[in-house]
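To find a chain, count down the sequence lines: A is the first, B the second, and so on, and within it residues start at 1. Keep in mind that this is a model prediction, so the values were computed, not measured. What's counted below: heavy atoms across the whole structure, side chains too, no hydrogens, waters or symmetry copies.
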Amino acid sequence: MKASAPAAEPREQGPNFIEAIIEEDNRTGVYGGQVVTRFPPEPNGYLHIGHAKSICLNFGLGLKYGGRTHMRFDDTNPLTEEPEFVESILGDVRWLGFDWGTHLHYASDYFEQLYRFAEELIKLGRAYVCSLTAEQISEYRGDFFKPGRDSPFRQRSVDENLALFRDMRAGIFQDGQHTLRLKIDMSAGNPNLRDPPIYRIRRARHHRTGDAWCIYPLYDYTHCISDAIEGITHSICTLEFEAHRALYDWVLAELKNIPPGASVAPPRGSPKQIEFGRLNLTYTVMSKRKLLRLVNEGHVEGWDDPRMLTIAGLRRRGFTPASVRNFAALIGVTKNDAPIDMSVLENAVREDLNASAPRALAVLRPLKVVLENWPAGDVDHVDLVNHPLKPELGTRKVPFGRELYIDAEDFEEQPPKGFFRLAPGKEVRLRGAYFITCTAVKKDAGGKVVELTCTVDRDSRGGEAKDGRKVKGTIHWVSAAHAVDVRARLYDRLFSVENPDDTFLEQLNPHSLDVVVAKAEPSLAQAAPGTHVQLERVGYFFADPKDSKPGAPVWNRVVGLKDSWSKEKKKG
RNA sequence: UGGGGAAUCGUCUAACGGCAGGACAACGGAUUCUGAUUCCGUUUAUCUAGGUUCGAAUCCUAGUUCCCCAACCA
């Protein structure tokens with residue numbers, strides 16, 4: 001053993017694989033040291049925690065490398081897109097704390113350019129109008145094992161294609177009658193390369209361009225061009241687009257062949273698509289389809305139900321933007337397709353709220369306690385610290401009297417081994433107040449404990465006995481005469497199984513929501529919506545911004561405190 | 001009978017030819033007026049088989065397992 005080994009420096013966490021690519025690009029100068037990323041949602045639904053990972057990744061990269069990040073809506077399917085979603089998405093990204101500056105873009109901004117590029121591709125012999133039906137296209141495409149066959153329309157002349165495509169735009173044809181297809185390779189192993197359609201005829205009102213168009217470009221064609229137009233350098237998407245990368249690169253490469261003097265110049269950018277593994281979390285579902293069923297079939301109260309891992313739901317539940325960002329940083333970025341343990345998310349919000357949330361006392365399942373040696377009508381006001389980690393937040397006066405409530409969980413008539421809360425003949429400390437000892441138990445006809453009689457040691461005011469004796473347990477309490485009733489919603493994980501499958505509706509956690517009326521210290525009835533509090537020994541709560549009324553907050557449990565006693569108890 | 005990807009503690013994730021590290025979880029202990037927080041400690045990992053090398057998670061070969069792709073969705 002070395003006599004004086006230097007303290008080991010914690011090793012640096014290396015860059016993730018995307019940062020490694022960027023740093024290499026910066027080193028070689030391919031993009032002149034520029035880093036431009038984008039977050040490109042389709043405005044057809046609400047964002048969830050998985051999108052949050054992508055938002056943090058893209059905006060985080062822009063920030064880290066002194067570049068920028070664009071907000072871009074991939075709005076090429078007018079059937080499913082609505083301005084309402086644009087607004088909610090923008091609000092969610094802002095809430096997470098990110099800023100796109102002047103770079104709010106829409107793929108629909110590029111419709112005219114996209115159209116011209118398509119005409120140029122036709123002129124280059126790289127695109128043709130196909131008049132097969134959707135079923136026929138699918139049939140001609142072959143399958144994984146069988147190569148496709150050329151469309152009978154594949155050899156139309158440039159002039160015919162151009163005329164047809166212009167007529168498509170002009171609205172001469174019916175919906176679905178023709179498509180514009182790329183001419184690539186019907187026998188390619190990658191089915192995305194088997195002459196993919198890039199334009200379809202669809203008479204639908206677009207949320208931004210209205211009725212200006214009756215043909216709309218498809219994703220694979222639109223996305224790469226949009227990236228190139230905006231000067232995106234690193235186009236980051238999820239793993240399921242890996243097989244699309246060949247198409248992405250093909251389109252941009254072909255565009256480079258547009259001759260000088262054409263009606264459009266090729267876009268200057270040469271973005272590269274990089275795929276990462278999307279977020280999966282235990283005890284939840286992430287697919288839009290499943291989330292939709294939860295909402296539509298009434299298993300939750302809406303997209304912003306605090307049990308939903310939508311950003312709107314997280315926000316209402318009381319997660320903080322910082323906790324979501326920290327979570328994203330914690331889980332890292334790789335190409336592995338793997339689930340993250342829900343406890344990592346829960347831990348991230350505990351960590352944030354532990355540092356910031358002021359403390360308060362409330363009893364969720366009240367059990368009355370009468371102090372037999374405390375005069376009725378006598379009221380004391382004891383000092384409680386607002387935040388043990390932040391003494392500068394000071395103390396507050398909390399009323400104390402003869403009749404109190406404690407939590408039913410904090411009393412056991414026959415205490416199990418290791419229980420150091422209240423029990424007949426046992427003494428505990430009421431947090432910040434006095435020591436009490438249980439002397440009698442009152443039960444109802446059914447044998448249920450309904451009231452406790454205790455004695456109080458008035459010399460223990462402030463929570464320290466004069467004679468120096470110690471108690472093992474400290475429990476929370478509230479004065480019955482001063483307590484206010486507050487609504488508390490005790491949220492828990494939405495699913496009771498780690499990996500909900502297709503029978504997810506049968507795997508819902510029946511206890512994901514428990515509504516109680518708690519007895520709380522008076523200040524909790526005055527809290528403004530949107531404020532956080534730690535109910536000591538219970539958990540972190542958030543005054544619901546939607547359901548709270550002035551003077552009547554509704555408290556959402558964000559997450560419980562860690563509870564090693566309940567674990568101990570389970571072990572027996 | 002195609003194409004594209006991925007395999008490191010229980011779970012995520014580092015190490016890029018040179019001590020397998022961190023976080024979460026679990027377990028034990030210390031401190032504590034929150035059975036919280038904090039602190040300390042413990043257990044547990046390189047998919048398999050060959051090869052190259054003084055030395056392999058890392059390079060090579062062969063295999064295994066898992067994920068994605070056959071919308072006029074994104």
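Take the nearest nucleotide of RNA chain B for A:Phe17 and for A:Gln177: the residue whose nucleotide is more 5' is A:Phe17. RNA chain B is contacted by both A:His387 and A:Tyr199; A:His387 maps to the nucleotide lying nearer its 5′ end (nearest heavy atom per residue).
No engagement by A:Tyr216 is indicated, since no non-hydrogen atom pair under 4.0 Å with the nucleic acid exists.
Side-chain atoms of A:Thr334 lie closest to B:U13 of the nucleotides B:A70, B:U32, B:U13. Checking B:G5, B:C24, B:C68 against every side-chain atom of A:Glu240, the shortest atom distance belongs to B:C68. In this structure, the nucleotide among B:C72, B:A25, B:C67 sitting nearest to the side chain of A:Lys562 is B:A25. Here the nucleotide nearest the side chain of A:Pro191, chosen from B:A70, B:C24, B:A14, is B:A70. Here B:A70 is the nucleotide among B:A70, B:G3, B:A25 with the atom lying nearest to any side-chain atom of A:Phe144. Residue A:Leu389 has its side chain nearest to B:U37 when only B:C27, B:U34, B:U37 are considered. Taking only side-chain atoms of A:Arg431, from C-beta outward, the nucleotide of B:C69, B:U34, B:C72 with the closest atom is B:U34. In the set B:C69, B:A25, B:C12, B:A25 carries the atom at the smallest distance from any side-chain atom of A:Ser343. Here the nucleotide nearest the side chain of A:Ile340, chosen from B:A6, B:C73, B:C12, is B:C12. Set against B:A74, B:C67, B:G4, the side chain of A:Glu242 has B:G4 as its closest nucleotide.
For A:Arg350 and B:U37, a side-chain-to-base donor-acceptor distance below 3.5 Å is absent, hydrogens and geometry of angles not being considered. A donor-acceptor contact under 3.5 Å is formed by the side chain of A:Arg421 with the base of B:G35.
Taking atom P on both nucleotides, B:C69 is separated from B:A26 by 35 Å, rounded to a whole Å. With P as the reference atom, B:G2 and B:A57 are 33 Å apart, rounded to whole Å. Spacing of P atoms, B:G55 relative to B:C19, comes out at 15 Å, to the nearest Å. Straight-line distance between the C1' atoms of B:U43 and B:U38: roughly 22 Å, to the nearest whole Å. Rounded to whole Å, the separation between the P atoms of B:A6 and B:G10 comes to 23 Å. As rounded to the nearest Å, B:A30 and B:G35 have C1' atoms that lie 15 Å from one another. As rounded to the nearest Å, B:G3 and B:A20 have C1' atoms that lie 35 Å from one another.
Where stacking is scored as ring centres under 5.5 Å apart with planes under 30°, A:Trp565 registers as stacked on the base of B:G35. For B:G2, the base is not stacked against the aromatic ring of A:Phe145, per a cut-off of 5.5 Å between centres and 30° between planes.
With a glycosidic angle no further than 90° from 0, B:A71 counts as syn.
In summary, the aromatic rings of A:His223 and A:Tyr219 are positioned with their centroids under 6.0 Å apart.
Taking the ring axis of A:Tyr106 as reference, the NZ or CZ atom of A:Arg208 stays within 45° of it and closer than 6.0 Å to the ring centre. A cation-pi arrangement, defined by a distance under 6.0 Å to the six-membered ring centre and an angle within 45 degrees of its axis, is present between A:Arg169 and A:Tyr115.
Paired with A:Asp195 under the rule salt bridge (Lys or Arg N to Asp or Glu O under 4.0 Å), one option of A:Arg141, A:Lys183, A:Arg154 passes, and it is A:Arg154.
Applying the Watson-Crick and G-U wobble criteria (two distances, each under 3.5 Å), B:G41 pairs with B:C27. With both pairing distances under 3.5 Å, B:G2 is matched to B:C69 as a Watson-Crick or G-U wobble pair. A 3.5 Å limit on both hydrogen-bonding distances identifies B:G63 as the Watson-Crick or G-U partner of B:C47.
Using modelled atom types and a 3.5 Å distance limit, the side chains of A:Tyr283 and A:Asp341 yield no donor-acceptor pair.
Whole-Å rounding puts the A:Asn336 CG to B:G5 P distance at 15 Å.
The pair A:Arg149-A:Glu139 counts as a salt bridge, with a side-chain nitrogen and a carboxylate oxygen less than 4.0 angstrom apart.
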